Amino acid sequence: MKIAMVSEHASPLACVGGVDAGGQNVHVGELARALAGRGHSVVVYTRANRPDLPRRVSFCPGVQVEHVVAGPEAEIEKDQLLPHMAAFAAQLTRRWERSRPDLVHAHFWMSGLAATQAAGVLDLPVVQTFHALGTVKRRWQADADTSPPSRIGTERRVAHVVDRVIATCTDEVRELSKLGVPRARIDVVPCGVDIEHFHPAAAANPGPEATRRRRLIALGRLVPRKGIDDAIRALAKIPEVELMIVGGPAPEHIDFDPEVRRLRAVAVQFGVGERVLFTGRIERDQLPAVLCTGDALLAVPWYEPFGIAPLEAMACGLPVVATAVGGMLDTVVHGTTGLLVEPGAVEGLAEAVRGLLVDDERRRQMAQACVQRVRELYTWPAVAGRTEHTYESVVASRRRFDQVVEASR
Ligand code: UDP
């Protein structure tokens with residue numbers, strides 16, 4: 001198939017780890033790569049956010065990234081991008097008129113808006129992955145939610161006009177149902193992990209086990225909803241253990257970052273300043289070796305649409321202590337690949353981690369179960385296969401519909 005992926009703010013070519021570049025960038029790039037591996041040709045359309053970007057860049061064999069000029073060719077926060085989506089849609093229409101894709105796959109609500117406008121003109125099938133939902137964000141962030149007020153209404157409309165919605169976890173199915181999306185129009189396909197890259201043998205030499213301080217790792221964008229505050233507060237109740245926080249700005253800018261400064265102040269306030277380590281953003285090729293230095297991953301957001309970081313840690317053989325929210329309800333099997341705790345419950349989190357760290361044998365078993373679970377369910381080829389299944393089903397439905405229309409003429 002000729003697949004057009006639309007990912008307005010999240011380019012697979014971006015450096016991941018900053019405020020607006022995370023899971024979606026990784027997801028779009030890796031899914032496109034894996035689909036190309038199955039013989040499809042993919043073009044990813046993303047907004048040009050610098051004036052010096054080439055119009056087209058080869059991402060890997062079979063995948064091109066196309067930069068679309070819509071609004072100023074400069075960094076714009078994703079919550080400010082909506083006014084530029086009409087221009088984005090017009091550009092997509094022009095391109096697809098010249099070279100018609102078989103199917104459009106939009107990522108995030110604004111891509112869905114632009115993609116459905118452009119695809120509507122040309123009568124192309126559209127599959128939508130939201131990655132995050134405005135209703136969930138509003139519930140948790142209330143007044144701190146900087147999304148445009150029209151987001152929730154637009155999401156509902158997009159969900160109703162596209163051919164199929166891909167939810168990345170069962171919790172998202174529940175949320176989509178609340179928006180009135182019929183279950184039959186939702187497929188569940190999770191995010192994946194590159195197991196060639198993330199595996200237990202990626203460990204650099206972490207030093208002798210006996211002399212090393214136990215290490216917890218938190219990996220992700222440094223935004224409040226990731227619950228890093230809770231991880232730091234829990235550390236105060238877990239003696240002799242360090243917490244390595246991976247993500248945020250590039251390491252050379254770490255000392256000037258307001259969120260890092262705020263979190264450092266929290267660490268000092270709770271008496272663990274010396275046991276909390278901020279690495280800043282770590283490039284993807286270095287990540288597996290860093291993850292392998294940890295004894296467990298802490299993934300304790302207030303809410304989480306999916307959470308690729310826990311999967312990456314699991315692939316490296318790290319048990320995950322996670323809040324029982326969103327995608328982690330599917331990925332983390334309580335008591336088998338890690339432990340699930342209530343969001344915001346600092347004492348419960350500390351107790352779970354303490355229990356895990358004193359039991360080496362339990363951690364070893366969990367590590368094995370983590371690697372096995374990821375290999376069985378979450379490799380990118382498996383995820384791409386399931387996505388392809390959705391694409392084929394959508395194209396077949398369209399064909400049947402066209403035949404019915406033709407026969408009735
Ligand atoms: N990430 C990274 N380097 C960093 C911090 C994060 O490569 O310094 C990656 C992380 O490995 C994961 C992604 O950013 O692949 C975060 O995705 P996740 O789904 O966990 O969270 P989201 O960003 O979607 O909220």
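Note that ligands are numbered from 1 as they come in the structure, with each ligand's atoms numbered from 1 the same way. Computed from a predicted model, the values in this text were never measured in an experiment.
Although no hydrogens or angles enter the test, the distance criterion places a donor-acceptor pair under 3.5 Å between the side chain of His67 and the main chain of Pro54.
Under 4.0 Å from any atom of ligand 1, one finds heavy atoms of residues Val16, Gly17, Gly22, Gly23, Val26, Leu219, Arg221, Arg225, Lys226, Val246, Gly247, Arg281, Ile282, Arg284, Leu287, Glu304, Gly307, Ile308, Ala309, Glu312.
Stacking of Arg47 on the aromatic ring of Phe88 is not recorded, the 6.0 Å distance cut-off and the 45° axial limit not both being met.
Note on ring orientation: taking the six-membered ring where Trp is involved, the planes of Trp140 and Tyr303 are parallel (angle under 30°, cut-offs 30° and 60°).
Not counting sequence neighbours, the partners of Pro224 by the side-chain contact (heavy atoms from CB on, under 4.5 Å) test are Glu259, Trp302. Qualifying side-chain hydrogen bond (donor to acceptor under 3.5 Å, both in side chains) partners for Arg264, counting only residues two or more places apart in sequence or in other chains: Asp255.
Applying the salt bridge (charged side-chain N to carboxylate O under 4.0 Å, His left out) rule to pairs touching residues 330-344 yields nothing, sequence neighbours excluded.
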